[in-house]
Amino acid sequence: MPSGGGGGGGECTIVWIRRDLRIEDNPALAAAVRAGPVIAVFIWAPEEEGHYYPGRVSRWWLKHSLAQLQSSLGSLGASFITKRSTDSVLSLIQVVKSTGATQLFFNHLYDPISLVRDHRAKELLTEQGIVVRTFNADLLYEPWEVNDDQGRPFSTFSDFWNKCLSMPYDPAAPMLPPKRIISGDVSRCPSDTLVFEEESEKGSNALLARAWSPGWSNANKALTTFVNGPLIEYSVNRRKADSATTSFLSPHLHFGEVSVRKVFHLARIKQVLWANEGNTAGEESVNLFLKSIGLREYSRYISFNHPYSHEKPLLGQIKFFPWIIDENYFKAWRQGRTGYPLVDAGMRELWATGWLHDRIRVVVSSFFVKVLQLPWRWGMKYFWDTLLDADLESDALGWQYISGTIPDGREFDRIDNPQVEGYKFDPNGEYVRRWLPELARLPTEWIHHPWNAPESVLQAAGVELGMNYPLPIVELDAAKARLQEALSEMWQQEAAWRASIENGTAEGLGDSLETPIAFPQDTQMEVDQEPTRNNPATNPRRYEDQMVPSMTASLQRVEEEPSMDRNSDGSSRPEVPTDTAMNPQPGRQTMNLLQTFRNNNIPQFNINLGLQNAHESTAESSSSGRRERDGGVVPVWSPSTSSYSEQYVGEDNGIGSSSSYLQTHPQSHQLISWRRLSQAG
DNA sequence: CTGGTGTTATC
DNA sequence: ATAACACCA
């Protein structure tokens, strides 16, 4: 061990590593190295995530990524401490005390739980006399940097992204990794052994290593491979359901194994190159790829400005939507037994591999919300549990988009036709045949709508509808009709709610309806039967394995759900002072969030950063240029920063609308405006 | 030029 | 679903 020679009883800096598992372009690490002796710390406290205890494949990734980081840090000379904890902040304090460290540096995160935890970390450690500095490592621009002409946050993606692409200063250039790190003294701060996978999960996890290589250096390889290969064809290939043409960077990016800024810069370099060659297709490919990077940025932006976006719709009308609470639907969807081949193929792939092409994610989630009318949070939770790149902010954005609950989301009344989508994304049926062996012998003509196939064709293909492959769980026409009914009920309820607000009666109606539907509690989350008879029998347990760990974890805390919501509900009106006196339940995670919002006016966000030099290239100048922006502020959501939250009803004041449904429901908008006027006057 | 038809994207 | 866009007669 490189021991604490340089540190000598203190003066060292703790770098708190989280989802920034890299040594390259890691601003907190770089700054710490510059400041003197360094101790890197990783704290595993999954219980802090509440419902969002990481799923099996996600934990598998983390385990391997962490191992690689640890060995890299070790070879640079740094010590790496790992701690098992149920309270990260307390553990941090212990680490600081036992190492005599005087500084704590870490990089920003933007999910709701981190916003609260990191804020608390900063407060408590500052109280202890520790210098706390935090940095932007996860985004091209901090959420508070990207505003419209009036200094307000954008509410649509395209506006947001256009602004990002035309900022007066470029995203910071990526920094090189430190050449050598002097370690602080860790002799009095032992590490805990971290356990990321249960015995029962190991078999299933072994399969993952065939397809994926976690870790920062593998992330760099994946990036290089992509930028030098598939990127140029990205635009042409993006329509294919086969995932072979995507960047495969999302899990790497989720864990911060590679910096988005590096991704951005490398892609941009290629773009300039191709533009000079007159390769417009290549140029366009980069635009499209960067757009998906932009969506990731936007998801953080949304999460920062609306910290409940992972559980509450941003447009509030939807809270009156009569969801169909049907766990059999839910189960059929998870098992890939809906009777719609493209949907089922996607769900089987997700189940088996933890991966899904973005297109297919849209197909299956849209089916979930619009055809099955299941509550979107269930679907999001399942994605969380099963996706290798599960990411709270990105997934929340995705599901809200599909559900039509953000201003630029899909229309409420739009139902995608899986058959049509099937021929679009999988014209030859290869994808369906790969994941639905029971349909493998069906001719392409019928592969996406076997229910229409002549009996003779089905027989020849060995398909028995209702036996080895289901009939459609819901007919599309029926789904359309049912959706229309549900929507008109939603509008009626909304109108009634507004009317009752005006009368000053029935104030609570909206609240009671808004209680989110708890995640299913049944133990039947595991698969109770073989999904298909013909499925490859190579590893029949695989299906069960996939299900058990994650959903079991959610079970343990399902009972907390209602109170959690009450909290979130209270915080949704942070501007209303009378509310502050109510809901005192302290000690709850979300309560902390609530308290933070209320007690904390941290409006120091709109720092003008016009001074940024776009062309810093060395670590030194780069971070000194960045110090002002990164040095002190821990991102914490505060009502004062999002004046435009008024625009959303998510926040209970019933304002806000997407242009698309404005047109179809002008009366609703009038009511809203009227109410707004009456309030103002 | 113009209207008709087909294609594509929508976070 | 639908609007923007391209292409064509």
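Chain A is the first sequence line, chain B the second, and so forth, proteins listed ahead of strands; every chain is numbered from 1.
To the nearest angstrom, C1' of B:dC11 lies 13 Å from CG of A:Asp395. Between the C1' atom of B:dA9 and the OH atom of A:Tyr234 lies a distance of 14 Å, rounded to the nearest Å. Between the CZ atom of A:Phe154 and the P atom of B:dC11 there is a distance of 15 Å, given to the nearest Å. One atom, CD of A:Glu284, and another, P of B:dT8, lie 13 Å apart when rounded to the nearest Å. Distance OH (A:Tyr423) to P (B:dT7): 17 Å, rounded to an integer number of Å. Atom CG in A:Leu288 sits roughly 10 Å away from atom C1' in B:dA9 (whole-Å rounding).
Look at A:Tyr401 and the base of B:dC11; the rings stack, centres closer than 5.5 Å and planes less than 30° apart.
Judged by distance alone, the side chains of A:Glu49 and A:Trp384 never bring a donor and an acceptor atom under 3.5 Å apart. Between A:Tyr340 and A:Glu421, the side chains place no donor N or O within less than 3.5 Å of an acceptor N or O (distance only, hydrogens not considered).
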Could you list all N or O pairs between the protein and nucleotides 1-4 of chain C that sit under 3.5 Å apart?
| unit_1 | atom_1 | unit_2 | atom_2 | d |
| --- | --- | --- | --- | --- |
| C:dA1 | N6 | A:Arg414 | NH2 | 3.4 |
| C:dA1 | N1 | A:Arg414 | NH1 | 3.1 |

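At a threshold of 4.0 angstrom between heavy atoms, the contacts of A:Asp358 include nucleobase atoms, whether or not backbone atoms are also involved.
Judged by a 6.0 Å distance limit and a 45° cone about the ring axis, A:Arg300 is not positioned over the six-membered ring of A:Phe304.
Ring centroids of A:Tyr141 and A:Tyr301 are separated by 6.0 Å or more, keeping the two rings apart. Taking the ring centroids of A:Trp212 and A:Trp355, they lie under the 6.0 Å cut-off.
The salt bridge (Lys or Arg N to Asp or Glu O under 4.0 Å) pairs that include a residue from residues 276-287 of chain A number zero, where partners must be two or more places apart or lie in different chains.
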